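Report on the following structure.
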Amino acid sequence: YATAEAESHTIHVASLLPSSVCTHPATPKGLDKKSSLQVIHKHGPCSQLPEEKANIPTHAQILVLDEVRVKSIHSKLAKNLGYVNVMKKDAAANLPAKDGSLVGSGNYIVTIGLGTPKKNLTLIFDTGSDITWTQCQPCLRSCYKQQDPIFSPSSSSTYSNVSCSSAACTSLNSATGNSPDCSSSTCVYGIQYGDSSFSIGFFAKEKLTLTSNVVFDNFLFGCGQNNQGLFGGAAGLLGLGRNKLSLPSQTAIKFKKIFSYCLPSSPSSTGFLKFGNDGLSKSVKFTTLSTIPGGESFYGITIIAMSVGGKKLSISASILAAGGAIIDSGTVITRLPPTAYSALRFAFRKQMNQYPMAKPLSILDTCYDFSKYSTVSIPKISLFFEKGVEVPIDARGILYVNSISQVCLAFAGNNNHSD
Amino acid sequence: VLIYGNTQQKTLEVVYDGTRRMLGFRTGGCT
C-alpha cells in the first residue's frame, strides 16, 4: 500500500480502493488467543451482516452520521456542564435535548456469546458508550431485522432479571443518562442515541462468553424489547466505556480494566479486541488517561502537538487542550479545534500542491483527484501526547477515499473553539 | 472536545489500562 520515506508516504493509487475479498485475520503479537475477539468493519467483505451488505451507506452518508455522533458528544458534555446556550444551539440543529448516549452507528463489530446454551451475537464495538444490550424475544414492542437469531431469555438456563431495588438498577442513571423504570419489580432500562435511535427493555443478568475459555456469570446487560434505529444488522451494542456497568468494569476482577484493540487497515481485513494484559508488547508507549468534566464515561487524552511532513505545526498546546480531548472507536473522523485544523489543512495543502484538488466530501474540505496518477506522495502526520508519546498516523488513516477522483484529508474541524 | 476518531486509529494497537489510567499505542499493531 505505501512505502514510507523520510517525511512522506508514497502510495500506489490503485491500492486506495478496498478489496472485495476478506483477507486473513489479524492477530496481536504474542497473543494468548484465549481472550481475543475479531474486529470487523461493518460494511466490508469480512462482515456477515447481510442486511448491511444490501444497504451499504455511501461515504457521504457515513460522514453525515459521524457528524451527528460528534454533535451528540458535544451536546452531552455541554448538558452535563450546564451550558444551556450550547444546548439550545444544538437543539436547533435537530438534535434531541435528551441525548442519553451517542449515536449507535459505529463501524466496527465483534461477536460474543450469551446465555446457556451459548448464542452468538454480533454487536457494535463502542468505547464511547457503557451498557451492553441486545434485542430480546419476545420483542414486546419492536425489534429491527438482525443477522443473528434474536436472543431468547426463556431458552437460557442462566438468565435472570434485575430487580428495581438493586444497586445495579440505580447505576443505570449514570450509564444511560436516563432514570430506570420499573415493571413488575423488574428494572427497565432505556437508552436513547443522538440520532433518535433507542433501545428499551429489561435489565438482566446472563452468562457472557467472550471466548471458549473466558466466561463470566451474571453479566449485566440490556434485554431490549423496543429497539429502533440505525443499528443495521447488528444484534446490539457492546459498551466499552468507563462507567461501572461497562464490559471492562464488569470484568475488572479478571482483566483489571485492561483491553486493547487494533482496527484493520481496510474493510477487507480484520482486527482484534483483546482483554487483559497477557501478551502485551513492550513496545507499547503509554500516555495518561484523563477524565473530561461532565463526560466521565469517555476516555480523556491530552494531545499537545501535531506534525505534518515531519514539521511540528505552530499551534500552542493550550489551543489543542482547550476543550479537552477523547479517543472514541465510534467516531470516524478526528475532530480538531478550528485553529488546529486550519493549521493542519494549510500545511497539508502546501505539501500537496502538485495534485489537482477535487470537490469537498461532506465535512471533508481538502480533497484531491488522483485519477491521473499511479503513485502519489502524501505527507506523514503525527500526533504527540503527554509523556512524550508520538503516534504516527498510518497512511490509511490520513486519507478518506470516496473514489480515486475524490480522496480527502481525513480530518475535520470543530465548529467552536470550546467544543 | 478534540475527538480522536477511528480512521486515525487504523493499524495501531490501542491499549486501555483503566486501573493505571493509562492509554498505550503501538504502531503496526494488526500484524
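Just so we're on the same page: letters track the sequence lines, and every chain starts at 1. Scope of the values below: all heavy atoms of this structure, side chains included, with no hydrogens, waters or symmetry mates. Predicted model, so just to flag it, every value in this text is computed and none were measured.
- The two residues B:T7 and A:A410 make their nearest non-hydrogen contact at CG2-CB, 4.0 Å.
- For B:L12 against A:P392, the heavy-atom pair with the smallest separation is CD2-O, 4.3 Å.
- Counting heavy-atom pairs under 4.5 Å between each of A:I393, A:I398, A:I326 and chain B puts A:I326 at the top.
- Taking every heavy atom of both residues into account, B:K10 and A:P264 meet most closely at CG-O, 3.5 Å.
- Both the backbone and the side chain of A:V284 come within less than 4.5 Å of a heavy atom in chain B.
- B:I3 CD1 to A:T331 OG1: the interatomic distance, rounded to the nearest 0.5 Å, is 5.0 Å.
- When the candidates A:L240, A:I292, A:I258 are compared by the number of heavy-atom contacts under 4.5 Å with chain B, A:I258 comes out ahead.
- For B:T19, the parts sitting under 4.5 Å from any heavy atom of chain A are the backbone and the side chain alike.
- Contacts between A:I303 and chain B at a heavy-atom distance below 4.5 Å involve the side chain alone, from C-beta outward.
- Within the 4.5 angstrom heavy-atom criterion, no atom of A:P248 approaches chain B.
- The shortest distance between side-chain heavy atoms of B:R21 and A:T291 falls below 4.5 Å.
- Contact annotation for A:Y341: neither backbone nor side-chain heavy atoms come within less than 4.5 Å of a heavy atom of chain B.
- A perpendicular orientation is assigned to the rings of B:Y16 and A:Y299, their planes being inclined by more than 60° (bins at 30° and 60°).
- A pairwise comparison of heavy atoms in A:G397 and B:Q8 identifies O-NE2, 2.8 Å as the closest pair.
- A:L289 and B:D17 make their closest contact through CD1-O, 4.1 Å (heavy atoms, listed as atom of the first residue, atom of the second, distance).
- Scanning both residues, B:E13 and A:S260, for their nearest heavy atoms gives OE2-OG, 3.5 Å.
- The distance from atom NZ of A:K285 to atom OG1 of B:T27, rounded to the nearest 0.5 Å, is 7.0 Å.
- Only the side chain of A:L383 comes within less than 4.5 Å of a heavy atom of chain B; its backbone N, CA, C and O stay farther away.
- No more than 12 heavy atoms of other residues, nucleotides or ligands sit less than 6.0 Å from atom NZ of A:K257.
- For B:N6 (side chain) and A:S329 (main-chain N/O), a donor-acceptor pair under 3.5 Å exists by modelled atom type.
- To the nearest 0.5 Å, the span separating CG on A:N277 from CZ on B:R20 amounts to 9.0 Å.
- The parts of A:I327 that come within reach of chain B are both its backbone and its side chain, each placing non-hydrogen atoms under 4.5 angstrom from that chain.
- Interface remark: A:V332 contributes backbone and side-chain atoms alike to the contact with chain B (heavy atom separation under 4.5 Å).
- Here the straight-line distance linking atom OG1 of A:T287 with atom CE of B:M22 works out to 6.5 Å at 0.5 Å rounding.
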